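Just so it is clear: chains get the letters A, B, ... in the order the sequence lines come, proteins before strands, and each one is counted from 1. Just so it is clear, the model here is predicted, and its values are computed rather than measured.
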Amino acid sequence: MREEKISIDDRLTASQFGIKKSHRILKRPEFVFLSKYGNKIQDSNFIILYVPRESIEGSEHSRLGITVSKRVGNAVLRNRLKRLIREYFRLNKKGLTGYWNLNIIAKKTAAALSSQEVFTSLGMLFGKLRR
RNA sequence: UGGUGCGGUCCAAACGAUCGUCGGGUUAAUUUUUAUUAAUCCGGAGGAAAGUCCGAACACCGCAGGGCAGGGUGCUCCAUAACCUGGAGUCACGGCAACGUGAAGGAAAGUGCAACAGAGAGCAGACCGCCCGGCACUCAACUCAGAAUUUAUUCGUCUGGUUGAUUGGAAUGACAACUUGUGAGUUGAGUGCCGGGUAAGGGUGAAACGGUGCGGUAAGAGCGCACCAGUUUCCCGGGUGACCGGGGAAGCUAUGUAAACCCCACCCGGUGCAAGACCAAAUAGGGGAGUGCUUGAGGGCGGCCCGUCCAAGCUCCCGGGUAGGUCGCAAGAGAUGACGGGUAACCGUCAUACAUAAGAUGAAUGAUCGUUGUCCGGUCCGGGGUAACCCGAAUCGGAAACAGAAUUCGGCUUACUGGCCGCACCGACCG
RNA sequence: GUCCCCAUCGUCUAGCCUGGCCCAGGACACCGGCCUUUCACGCCGGCGACAGGGGUUCGAAUCCCCUUGGGGACG
């Protein structure tokens, strides 16, 4: 039930790697919209729901939401996963073609992964998204 | 030197580089304000932040006062804002000991329960056993003819066998003697039944109505006595008190369970920051005012017209309130240090710092790389030792826990890594 | 975050308040046997649980405390 997210808004002018608060998805209605109308790709550790940004309004950045349910683990583990996902998005959002609203959902199996494994897993999913 | 008990304290790997995150200060830009962005500086998780098990602060609702119901607490004194908390003690239990554990008031206020086993389980009980009496049977030993009184009468004189004498036709009858016991009696022992006494012994149970000894008795019993234990009560001494020590008296016994109901004493109104206060979009709906007219939507009064009322619609205003936002929300029952009081928990005084120094809200402290240190294991080298082993160094591999502030404090409980310090106890060896 | 509730065989449950007859009963499932040419049905038998740890009591699934694991309510 309880999920957490981070969004990004990126003007790309000064800092290319930062995540402002406006670059994140924070409101429940937006998450509900994504889960209802978004497209879905996934592997064994993560699910990504996405909607092209152009179809909404003309902002020039992607926005990120993160969902880690309580079933994944305790608070320390959930916070760690969220940080890793945020870190990956921060460093790799430039590689995306176009602008998207994303919701990255961690599955239960993600709890056991090391940071390197999280990055490779997300890298493959971002590769799929690029196509 | 081995084993053990108790307490205190520190860290929660460190440093650097790059890229990032939240809050605050300053400056600049944009901007009516709010705010946004950039630069820079400062600050940014824990001892348990956890579980949410207690207690409070705070907020709203309720409330004259008292009681009932319900819930909580339960040895004493002290500490505290308060406590199911802490400190110092008391008592009980466990441990050789240091020490640990304890919801530890009341069972002679009442009610309930105590399975199974056992004779009997709560003002108990007689199964075996022990003792007394009666009846029956068995065995053994002894006795079987005299006894009573009016001295001469009365009553009694078993069974079988042998012999004798007597009567008679005939003795097996009667009489006498001897003998015998299958009869009778007495005594003793045993067995069974009946009636009674007894709680010392046996056995059951978690628990059996004080323990040991002597006396006592038919056998026994606090029935009596001595000592011990326990109960109630009185006195003396010590202690604020729980309680401890000593002495006397009574009665002769009272089981356990109150984390069973209950009684007694003390405490407790409810809800919880998603409390609560404020600002407030869109949509729908509510209230008020106006309009509803010349081309009269609709309806009521009316047969119709006029008139009048209701009213859709339209315009304006008001209040409640959802999304969302702001506050509550970080300077306090506080922290550190010194001094003083107290055995201690803790308290008092003074000083200092907090640029108001975590303050998030789909929720901030992270990622990557490098260097160094700690611990464990393997290999190898050096030193010490008879040896087990110990110390130092190199190298390879591995490990570094439990866990993330959510209104704030005081506790409790649970999870868990490494190190340091202090005190105490038991054992072995050496001197 | 705050506040509540629950936990018994593989599954669904009874027993708990009022402790003992309970090494815990029932149904379905599973295993074995009988029946049948065989399977199913039926019959007989078996296996199988008190979430964990302490405490109270002579005795605990039941009473008390702690922990663990599930579930729910509140914007």
Side-chain angles (χ1 to χ4, degrees):
Chain A
M1 285 300 290
R2 195 120 301 172
E3 290 122 45
E4 289 138 38
K5 332 191 149 171
I6 304 173
S7 77
I8 327 176
D9 168 1
D10 149 304
R11 279 186 188 147
L12 290 187
T13 47
S15 163
Q16 305 185 5
F17 300 112
I19 302 185
K20 295 288 173 273
K21 226 169 197 178
S22 56
H23 297 205
R24 295 192 284 165
I25 298 174
L26 298 173
K27 304 298 180 200
R28 177 157 182 83
E30 299 182 272
F31 282 102
V32 173
F33 179 86
L34 270 172
S35 68
K36 229 171 165 182
Y37 302 109
N39 300 308
K40 181 163 115 181
I41 58 177
Q42 61 174 310
D43 68 359
S44 55
N45 300 316
F46 297 98
I47 303 172
I48 298 186
L49 299 172
Y50 64 97
V51 157
R53 200 77 209 284
E54 299 87 42
S55 66
I56 305 177
E57 45 184 275
S59 308
E60 292 109 23
H61 53 77
S62 295
R63 300 173 68 233
L64 171 69
I66 303 175
T67 298
V68 183
S69 84
K70 233 173 192 174
R71 307 187 345 155
V72 173
N74 61 23
V76 173
L77 208 59
R78 294 199 306 272
N79 281 341
R80 177 173 157 273
L81 272 175
K82 286 188 286 184
R83 284 166 187 155
L84 290 174
I85 292 170
R86 217 182 303 137
E87 186 75 8
Y88 185 83
F89 180 80
R90 182 172 73 79
L91 296 173
N92 293 281
K93 62 187 176 184
K94 264 176 73 182
L96 291 174
T97 55
Y99 305 116
W100 309 81
N101 273 358
L102 301 176
N103 182 16
I104 300 182
I105 300 171
K107 294 188 180 178
K108 222 171 174 177
T109 53
L113 300 182
S114 73
S115 55
Q116 285 302 330
E117 289 170 325
V118 168
F119 291 156
T120 41
S121 178
L122 284 173
M124 288 173 61
L125 285 171
F126 270 47
K128 281 191 199 173
L129 188 58
R130 218 169 278 130
R131 284 182 271 134

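In this entry B:rC137 has B:rG190 as its Watson-Crick or G-U wobble partner, both defining distances falling under 3.5 Å. Across all strands shown, B:rG195 forms a Watson-Crick or G-U wobble pair with B:rC132, both key distances being under 3.5 Å. With a 3.5 Å ceiling on both atom-pair distances, B:rC84 lacks any Watson-Crick or G-U wobble partner. Remark: B:rC225 base-pairs with B:rG213; criterion is Watson-Crick or G-U wobble with both hydrogen-bond distances under 3.5 Å.
Using a 4.5 Å heavy-atom cutoff, the side chains of A:Asn39 and A:Val51 are not in contact.
In terms of phosphate contacts, A:Arg83 brings a side-chain nitrogen or oxygen within less than 4.0 Å of OP1 or OP2 of B:rU365.
With sequence neighbours excluded, no residue forms a ring pair (Phe, Tyr, Trp, His ring centres under 6.0 Å) with A:Phe46. Residues satisfying the side-chain hydrogen bond (donor to acceptor under 3.5 Å, both in side chains) criterion with A:Asp43, sequence neighbours excluded, are A:Ser121. For A:Ser115, the side-chain contact (heavy atoms from CB on, under 4.5 Å) criterion is met by A:Leu84, not counting sequence neighbours. Take A:Lys40 and apply the side-chain hydrogen bond (donor to acceptor under 3.5 Å, both in side chains) test, not counting sequence neighbours, and it matches no residue. The side-chain hydrogen bond (donor to acceptor under 3.5 Å, both in side chains) check on A:Thr120 picks up nothing, with sequence neighbours excluded.
The CG atom of A:Leu91 sits 11 Å away from the P atom of B:rU21 (whole-angstrom rounding). Here the C1' atom of nucleotide B:rG366 and the CZ atom of A:Arg78 are 17 Å apart, to the nearest Å.
Across all strands, A:Leu84 comes closer than 4.0 Å only to sugar-phosphate atoms, never to a base (heavy-atom distances).
The side chain of A:Arg90 lies closest to B:rG366 when the candidates are B:rA45, B:rG366, B:rA367. Listed candidates were B:rA367, B:rA403, B:rA364. Nearest to the side chain of A:Asn79 is B:rA364.
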Problem - For RNA chain C, the dot-bracket pattern of Watson-Crick and G-U pairs whose distances stay under 3.5 Å, | for other-strand partners - result: (((((((..((((......[....)))).(((((.......)))))....(((((..]....)))))))))))).
